[in-house]
Novice: 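Quick one: the structure is below, questions incoming.
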Number of protein chains: 2
Amino acid sequence: MQNDYKDKLNSFYSKNKRMPTYTEMMKLFSFKSKNAVARVVDKMIEAGLVAKDHLGRLIPDKFLNEVVMLGSVKAGFPSDVEEQTFNDTVNLDDFLIEKKDSTYMLEVDGDSMIDAHIKNGDMVLAERTNKAKDGDIVIAEVDGEFTMKYFKQKGDKVWLEPANKNFKPIYPKYDLKVTAIVKAVIRKY
Amino acid sequence: MQNDYKDKLNSFYSKNKRMPTYTEMMKLFSFKSKNAVARVVDKMIEAGLVAKDHLGRLIPDKFLNEVVMLGSVKAGFPSDVEEQTFNDTVNLDDFLIEKKDSTYMLEVDGDSMIDAHIKNGDMVLAERTNKAKDGDIVIAEVDGEFTMKYFKQKGDKVWLEPANKNFKPIYPKYDLKVTAIVKAVIRKY
DNA sequence: CTTGCGTGTGAACGTTCGTTCACTTATAAT
DNA sequence: ATTATAAGTGAACGAACGTTCACACGCAAG
């Protein structure tokens with residue numbers, strides 16, 4: 001029953017990008033009085049599903065709009081996953097994106113990074129910067145063309161290295177400009 | 001200048017999980033009048049950064065709380081990425097999670113799926129279900145133990161197959177119970 | 001049957017919201 | 001210097017918000 005409310009809040013929040021007002025919850029939960037809503041909300045606050053601002057405004061708390069995190073696969077986890085004994089939750093945006101304004105997503109074209117287990121068609125989260133360290137995977141412009149490779153640096157010398165034996169390292173003739181470093185790889189099935 | 005406002009709204013929203021009120025924006029933008037805020041907001045609405053509900057409430061629109069998606073790496077993209085000519089944006093949660101309530105995150109332990117380019121330490125988004133198709137990557141319980149493997153099915157016969165030559169296929173002695181199928185792989189650097 | 005409690009209803013209340021008005025200050029053009 | 005335009009201030013407004021009354025209903029225990 002309380003899970004019904006939770007689910008409804010959940011889908012309302014993802015659809016509307018904000019929590020509903022009490023009046024909206026009335027319709028959402030099929031009540032005819034805001035007071036009935038207030039009691040339900042109070043219980044959800046106690047249960048830690050939602051919380052209130054310093055302004056008294058409703059905001060999603062743990063378990064709402066977040067993904068449950070379990071342990072590792074091999075380590076084994078409770079067969080009845082309903083009883084979430086490890087109740088860590090994560091918001092994917094917060095988990096993956098540090099600097100929202102300088103991060104963008106990119107589709108990987110080609111298999112030049114396949115030995116780093118980045119496949120053709122994978123998505124990549126890149127963060128704009130020109131400060132790369134040796135070993136970082138970067139998006140770089142070399143002699144006017146863009147590419148994704150390992151960034152290598154030894155002393156003054158700077159070059160790019162693919163993660164695929166069939167490709168050769170790239171030593172810039174004129175210019176090597178790092179535009180972003182790869183922070184995450186995402187693959188959808 | 002307008003980008004300042006955008007950034008501030010952005011970080012307010014990710015921190016507070018809601019948009020600020022006009023009074024809060026006053027402090028946020030260093031105004032002394034709500035009217036000044038109202039004009040800024042109007043311009044941001046025109047610019048498509050934010051929008052208003054059917055209830056007149058402020059909600060984030062494109063570019064806010066979403067990640068910019070550019071084309072593919074090799075295909076090349078504008079060097080000045082500021083001028084976002086391809087203005088596709090994506091919300092990571094919406095992008096990766098279909099059924100929020102039955103999805104959970106799991107850390108990969110071991111390299112048994114390495115040939116599918118899923119590494120030890122990668123995160124995996126799994127969706128609880130028992131309907132797997134031949135070729136799906138699944139989380140399954142075989143004879144009491146949990147594992148992540150390819151799900152294989154030929155006629156009545158059902159078994160699990162690793163993506164690593166050093167591991168052998170698993171033919172269940174007693175029971176093979178699929179608990180979830182893997183919908184996405186996430187790797188952070 | 002009666003009592004008590006949980007749950008829902010309906011109305012009233014003060015607060016805060018976003019909007020709007022008249023006015024002032026700053027910037028730039030003539 | 002004068003004017004026009006843009007941008008900010010401060011106060012006032014009705015509307016909607018969340019809260020809190022008193023009251024009605026249903027169900028289980030005594």
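Chain letters run A, B, ... following the sequence lines, proteins first and then strands; every chain starts at 1.
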Novice: A/K43 side chain N/O closer than 4.0 Å to the phosphate oxygens (OP1, OP2) of C/dG6?
Specialist: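 A/K43 to C/dG6 OP1/OP2: no side-chain N or O under 4.0 Å.
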Novice: Quick test of your reading: applying ring-ring contact (aromatic ring centres under 6.0 Å, His included), list the pairs with at least one residue in residues 107-128 of chain A, sequence neighbours left out, ordered by first then second residue.
Specialist: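 Output for this query lists A/H117-B/H117.
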Novice: Name the residue closer to the 5' end of DNA chain D, choosing between A/K52 and B/K34 according to the nucleotide with the nearest heavy atom.
Specialist: B/K34
Novice: Please give, in whole Å, the distance from C/dC17 P to B/L58 CG?
Specialist: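 Taking CG of B/L58 and P of C/dC17, I get 14 Å after rounding.
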Novice: Taking atom C1' of C/dT16 as reference, at what distance in whole Å does atom CZ of B/R57 sit?
Specialist: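 Rounding to the nearest Å, CZ of B/R57 and C1' of C/dT16 are 11 Å apart.
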Novice: Going 5' to 3' along DNA chain D, which nucleotides are the first and last within contact of chain A (any atom under 4.0 Å from a heavy atom)?
Specialist: D/dC17 to D/dA22
Novice: Ignoring hydrogens and angles, answer whether the base of C/dG8 and the side-chain atoms of A/K32 contain a donor-acceptor pair closer than 3.5 Å.
Specialist: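 Check fails, no donor-acceptor contact within cut-off.
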Novice: Provide, to the nearest angstrom, the distance between the OH atom belonging to A/Y22 and the C1' atom belonging to C/dT15.
Specialist: 15 Å
Novice: Could a donor-acceptor pair under 3.5 angstrom be found where the side chain of A/S33 meets the base of C/dG10?
Specialist: yes
Novice: Measure the CG-CD distance between B/D122 and B/E107 for me, rounded to the nearest 0.5 Å.
Specialist: 9.0 Å
Novice: Is there a path of hydrophobic side-chain contacts, each under 4.5 Å between heavy atoms of I, L, V, M, F, W or Y residues, that connects B/M19 with B/M26?
Specialist: yes
Novice: Could you tell me whether the side chain of B/D136 and the main chain of B/I181 form a donor-acceptor pair under 3.5 Å?
Specialist: no
Novice: Can you tell whether the side chains of B/K149 and B/E161 come within less than 4.0 Å, N to carboxylate O?
Specialist: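 Salt bridge: no.
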Novice: Output yes when a side-chain donor or acceptor of B/N16 lies under 3.5 Å from a complementary backbone atom of B/Y13, and no otherwise.
Specialist: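 Pair absent, no side-chain N/O of B/N16 close to backbone of B/Y13.
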Novice: In whole angstrom, what separates B/K27's NZ from C/dT16's P?
Specialist: 11 Å
Novice: What salt bridge (Lys or Arg N to Asp or Glu O under 4.0 Å) pairs are there with at least one residue in residues 23-41 of chain A, not counting sequence neighbours?
Specialist: A/R18-A/E24
Novice: Is the backbone N or O of B/I139 less than 3.5 Å from a side-chain atom of B/T179, with the two atoms forming a donor-acceptor pair by type?
Specialist: yes
Novice: Give a yes or no on whether a salt bridge exists between B/K100 and B/D94, defined as a side-chain N under 4.0 angstrom from a carboxylate O.
Specialist: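 Judged by the 4.0 Å cut-off on N to carboxylate O distance, B/K100 and B/D94 do not form a salt bridge.
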Novice: Within 45° of the ring axis of A/F95 and under 6.0 Å from its six-membered ring centre, is that where the NZ or CZ of B/K188 lies?
Specialist: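 Checked: cation-pi criterion met.
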Novice: Tell me whether the OP1 or OP2 atom of C/dC17 has a side-chain N or O from B/T23 closer than 4.0 Å.
Specialist: yes
Novice: Please list, chain by chain and in numerical order, all residues satisfying side chain to side chain donor-acceptor pair (under 3.5 Å) with A/Y22, sequence neighbours excluded.
Specialist: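 If we apply the side chain to side chain donor-acceptor pair (under 3.5 Å) test to A/Y22, skipping adjacent residues, the hits are A/K52.
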Novice: Given a 3.5 Å cut-off on both pairing distances, which stems involving DNA chain C, each at least three consecutive Watson-Crick or G-U pairs, are present, if any?
Specialist: C:1-30 with D:1-30
Novice: Look for any protein N or O under 3.5 Å of an N or O in nucleotides 21-24 of chain C and output each such pair with its distance, or none.
Specialist:
| unit_1 | atom_1 | unit_2 | atom_2 | d |
| --- | --- | --- | --- | --- |
| C/dC21 | N4 | B/N35 | ND2 | 2.8 |

